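All values derive from a computational prediction rather than experimental measurement. Every number for a ligand or one of its atoms is a count from 1 in the order of the listing.
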Amino acid sequence: MIENSKLTVIGAGAVGSSVAYAALIRGSARHVALYDINAEKTEAEVLDLAHGTLFTRGGDIIGGSDIAVAEGSHVVVITAGAKQKPGQTRIELAATNAKIVRSLMRQTLEVAPDAVFVIVTNPCDVLTMLAHEGSGLPAERVFSSGTVLDSSRLRWEIARRTNVASTSVHAQIVGEHGDTEFPLWSAVRINAVPILDWTGEDGTPMFTREQLDQIAVDVRDAAYKVIQGKGATNYAIGLSSARIVEAILGDENAVLNVSTVLSDFHGIDGVALSVPSIVNSSGAHPIYETPFDEQEIAKLRESAAALEKVAADLRD
Ligand code: NAD
């Protein structure tokens with residue numbers, strides 16, 4: 001457990017302010033700082049958040065447009081950058097956001113040299129690869145929120161269909177946080193029951209393979225639907241990011257599907273992909289023993305190839 005823990009959230013837009021809000025309400029860190037180049041917006045967000053701290057768990061909030069606010073942070077969550085417009089893919093944001101994240105990593109490391117970095121800005125896996133290469137930090141100290149959010153969406157989908165609490169649905173989305181992501185169906189259980197064995201009231205299996213495939217598509221495309229309706233996704237990513245921050249600051253060894261640059265994970269090297277990982281105060285550590293069946297390995301390789309290509313274009 002880190003005492004007097006400090007979280008800095010970079011980017012005070014829809015996502016960044018929701019991360020700060022969730023972290024304050026949940027008491028994820030003792031001190032929260034918010035940084036953005038837009039001074040007026042940041043000061044307004046900080047004031048609004050500060051006015052509610054009487055009703056939170058005792059953390060405090062500061063912020064502004066000087067990176068010095070991040071000084072001494074234990075965790076830095078990066079949310080700054082361009083976001084998807086309706087219909088736009090995450091990958092289409094890559095070039096703009098790569099420049100922003102590279103420069104932010106440099107500035108932040110000067111004031112918070114020991115921080116663990118969590119990248120939320122999209123495309124978060126590719127940006128994690130570039131941030132890892134550019135900073136020289138060990139892979140465990142710069143990772144992305146990856147498919148923690150997507151896994152929560154999957155657990156919610158299964159929970160509402162089966163009428164079982166989502167905390168008792170054990171299910172992971174792995175791979176890219178984006179169009180090539182997929183559920184690790186071979187490992188999905190409701191408590192101890194494999195998903196294909198779960199029966200409805202009539203005693204017959206509740207799900208067919210086709211229905212599971214449709215759930216995977218719904219989860220993959222969930223963000224497009226939310227962005228179409230309200231222009232951004234913010235609450236669920238705010239909560240998932242706060243959960244990741246707690247696992248780091250609390251040195252929890254919690255297993256979360258974050259995205260780290262992998263070395264020889266089922267033969268995949270040098271690409272950031274989400275797989276079940278142990279998260280603690282030193283960062284994120286992929287669980288190399290996680291079993292994948294043959295089809296799942298093939299899909300993970302597809303994810304890796306897609307991201308490798310985008311990262312290579314950005315390095316040129
Ligand atoms: P937004 O436009 O509301 O906010 C972005 C903020 O970044 C703005 O306030 C802007 O001033 C700031 N910014 C831009 N360049 C900066 C710089 N160089 N330094 C400091 N601040 C800078 O966007 P949003 O809705 O908050 O989304 C932010 C990012 O998060 C997007 O890339 C989006 O795609 C991503 N996102 C990721 C996930 C995920 O699961 N990984 C989920 C939702 C959104």
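In Ala82, the part holding a heavy atom less than 4.0 Å from any atom of ligand 1 is the backbone. For Ala80, heavy-atom contacts with ligand 1 shorter than 4.0 Å involve the backbone as well as the side chain. Using a 4.0 Å cut-off between heavy atoms, Val15 contacts ligand 1 through both its backbone and its side chain. Contacts between Ile37 and ligand 1 below 4.0 angstrom, taking non-hydrogen atoms only, involve backbone and side chain alike. Within the 4.0 Å heavy-atom criterion, neither part of Asn234 lies near ligand 1.
For atom 7 (O) of ligand 1, the nearest protein heavy atom (residue, atom name, distance) is Gly81 N, 3.2 Å. Protein heavy atom nearest atom 28 (C) of ligand 1, with residue, atom name and distance: Thr79 O, 3.0 Å. From the protein, the heavy atom lying nearest to atom 34 (O) of ligand 1 is Asn122 ND2, 3.0 Å. Of the protein's non-hydrogen atoms, Ala14 N, 3.0 Å is the one closest to atom 3 (O) of ligand 1. Looking at atom 25 (O) of ligand 1, its nearest protein heavy atom turns out to be Lys83 CD, 3.2 Å. Regarding atom 43 (C) of ligand 1, its nearest protein heavy-atom neighbour is Thr233 OG1, 3.0 Å. Counting only heavy atoms of the protein, atom 4 (O) of ligand 1 lies nearest to Gly13 CA, 3.2 Å. Nearest protein neighbour of atom 41 (N) of ligand 1, counting heavy atoms only, is Val120 O, 2.9 Å.
Between Glu176 and Arg90 no salt bridge is recorded (no basic side-chain N to carboxylate O distance below 4.0 Å). A salt bridge links Asp60 to Arg30: at least one charged side-chain nitrogen sits closer than 4.0 Å to a carboxylate oxygen. A salt bridge links Lys309 with Asp313: the distance from a Lys NZ or Arg NE/NH1/NH2 to an Asp or Glu carboxylate oxygen falls below 4.0 Å. Remark: Glu246 engages Arg243 in a salt bridge, criterion side-chain N to carboxylate O under 4.0 Å.
The shortest side-chain heavy-atom distance between Ile244 and Phe143 falls under the 4.5 Å cut-off. Under the 4.5 Å side-chain criterion, counting only non-hydrogen atoms from C-beta, Ile2 is not in contact with Asp251.
Side chain of Asn97 to backbone of Thr121: no donor-acceptor contact under 3.5 angstrom is found. A distance-only check finds no donor-acceptor pair linking the side chain of Thr53 to the backbone of Thr56 [under 3.5 Å]. Looking at Thr208, its side chain does come within 3.5 Å of a backbone N or O of Gln211 through a donor-acceptor pair.
Which parts of ligand 1 touch Tyr35 is read off a 4.0 Å heavy-atom cut-off, strictly below it: atoms 20 (C). Atoms of ligand 1 lying under 4.0 Å from at least one heavy atom of Leu93, given by number and element, are 34 (O). Ligand-side atoms of ligand 1 in range of Leu149: 40 (O), range being under 4.0 angstrom from any heavy atom. Ligand-side atoms of ligand 1 in range of Asn97: 32 (O), range being under 4.0 angstrom from any heavy atom. The atoms of ligand 1 that sit less than 4.0 Å from any heavy atom of Ser145 are 41 (N).
For the atom pair NE2 (His266) and CG (Leu300), the distance works out to 7.5 Å, reported to the nearest 0.5 Å. Put simply, CZ on Phe265 and CD on Glu289 are 9.0 Å apart, with the number rounded to the nearest 0.5 Å. The NE2 atom of His177 sits 8.5 Å away from the OG1 atom of Thr147 when rounded to the nearest 0.5 Å.
Atom CZ of Arg189 sits in a crowded spot, with more than 12 heavy atoms from other residues, nucleotides or ligands closer than 6.0 Å.
Where the criterion is an N or O separation shorter than 3.5 Å, residue side chain and backbone included, Gly146 fails it with respect to ligand 1. The shortest N/O to N/O separation between Ile100 and ligand 1 does not fall below 3.5 Å. Every N/O-N/O distance between Ile10 and ligand 1 stays at or above 3.5 Å. Between Asp36 and ligand 1, at least one pair of N/O atoms sits closer than 3.5 Å.
Residue contact check for ligand 1: His177 places a non-hydrogen atom closer than 4.0 Å to it.
Exactly one residue among Arg155, Arg153, Arg161 makes a side-chain hydrogen bond (donor to acceptor under 3.5 Å, both in side chains) with Glu157. That residue is Arg161.
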